[in-house]
Amino acid sequence: VRCDVSDEAAVVSMLSAVRGMGEGDGEGGIRGIIHAAGVIRDSLIRGGGASAGCAAVWSSKAHSAWLLHEHTAEDELKYFVVFSSTTSAAGNIGQAAYGYANSFLESLVGYRVSRDLCGASVRWPAVSGGGMAVAAGIDLTGNSIPPADVERVLRSIFLREVEESA
């Protein structure tokens, strides 16, 4: 089910719809959340350019993850995975807002885990041939991981989550 996860009313409506799927056959409910939303609005802090994109970056990454957390806290989730970025730890020129929003995602996972809720954060580097940077036309030659590594990481996460919930 698609929705604008930065819009609280849309999130509540989407979650309600998903919870109702499969009710008759005992398969209803929400088993997990994968938060992969985000936008790039690169700009330097000097000169005030960063503030223009900060709201969009924060809304798509941090605010939307908080809404999903808040409105699924009572669900018996098997996983709550957020896709963060290495930018949260290493920084990147022009990506202060993006790094900050990704740091929030990692803190949110820590908050969830401290309350005995599931949570995992994947701090992705740039991925060759895909992702937001490629969509924005940014050349990642020599500064990215291959898609096969992405698949390997995802398999590892979800196999572990399934084994731990069994």
Side-chain angles (χ1 to χ4, degrees), residues 1-23 26-41 53-92 95-127 130-133 135 144-166:
V1 175
R2 296 179 70 146
C3 89
D4 177 353
V5 290
S6 66
D7 177 336
E8 187 167 16
V11 168
V12 169
S13 177
M14 177 269 301
L15 292 171
S16 177
V18 171
R19 287 183 186 106
M21 293 178 172
E23 275 185 356
E27 296 295 321
I30 299 172
R31 292 187 182 87
I33 299 290
I34 300 172
H35 180 277
V39 296
I40 295 177
R41 297 288 187 273
C54 187
V57 171
W58 183 262
S59 181
S60 68
K61 290 293 260 183
H63 179 69
S64 60
W66 177 259
L67 291 176
L68 290 169
H69 156 72
E70 187 174 48
H71 292 290
T72 61
E74 300 300 318
D75 291 285
E76 294 182 22
L77 301 179
K78 294 187 180 356
Y79 55 89
F80 186 98
V81 179
V82 297
F83 288 175
S84 179
S85 168
T86 55
T87 302
S88 67
N92 198 16
Q95 292 193 318
Y98 189 70
Y100 182 59
N102 280 288
S103 290
F104 176 85
L105 293 181
E106 294 162 16
S107 295
L108 174 59
V109 166
Y111 177 78
R112 287 182 58 82
V113 170
S114 75
R115 281 156 179 72
D116 294 324
L117 299 171
C118 61
S121 175
V122 181
R123 198 182 275 170
W124 292 109
V127 178
M132 291 187 290
S144 59
I145 63 169
D149 287 352
V150 172
E151 182 177 345
R152 197 171 13 261
V153 168
L154 291 175
R155 285 184 188 278
S156 172
I157 291 169
F158 292 108
L159 288 176
R160 185 184 71 224
E161 293 290 339
V162 168
E163 289 169 359
E164 289 176 1
S165 68

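What you see below is based on every heavy atom in this structure, not just the backbone, and it leaves out hydrogens, waters and symmetry mates.
Between atom OG of residue S13 and atom CG of residue D4 there is a gap of 12.0 Å, rounded to the nearest 0.5 Å. Here the straight-line distance linking atom OG of S16 with atom CE of M21 works out to 10.5 Å at 0.5 Å rounding. Taking CG from L67 and CE from M14, the interatomic distance works out to 9.5 Å, rounded to the nearest 0.5 Å. Distance check: K78 NZ to C118 SG gives 9.5 Å after rounding to the nearest 0.5 Å. Summarising the geometry, atom CZ belonging to F80 is positioned 11.0 Å from atom CD1 belonging to I34; distances are rounded to the nearest 0.5 Å. Atom CZ of R19 and atom CD1 of I30 lie 4.0 Å apart (nearest 0.5 Å).
Residues passing the ring pair (Phe, Tyr, Trp, His ring centres under 6.0 Å) test with H69 are W66, Y111, sequence neighbours excluded. For E70, the side chain to side chain donor-acceptor pair (under 3.5 Å) test picks out no residue, with sequence neighbours left out. The side chain to side chain donor-acceptor pair (under 3.5 Å) check on R2 picks up nothing, with sequence neighbours excluded. With sequence neighbours left out, D7 forms a side chain to side chain donor-acceptor pair (under 3.5 Å) with no residue at all. The side-chain contact (heavy atoms from CB on, under 4.5 Å) test applied to V12 returns E8, H71, not counting sequence neighbours.
Using a 4.0 Å cut-off between charged side-chain N and carboxylate O, D75 and R31 make no salt bridge.
Between G119 and V109, the shortest heavy-atom distance links the atoms C-CG1, 3.5 Å. In terms of heavy-atom proximity, S121 sits nearest to E106 at OG-CG, 3.3 Å. The minimum heavy-atom distance linking A101 with K61 is given by the pair CB-CB, 3.7 Å. Taking each heavy atom of L105 and A65 in turn, the nearest pair found is CD2-CB, 3.3 Å. Annotation for A10 and C3: closest pair O-SG, 3.9 Å, computed over non-hydrogen atoms.
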*side-chain contact (heavy atoms from CB on, under 4.5 Å) between L117 and L77: does it pass, once the steps are laid out?*
CA-CA 8 Å; L117 299 171; L77 301 179; over 6 Å; no
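Here the side chains of L68 and V11 are in contact, with some heavy-atom distance below 4.5 Å.
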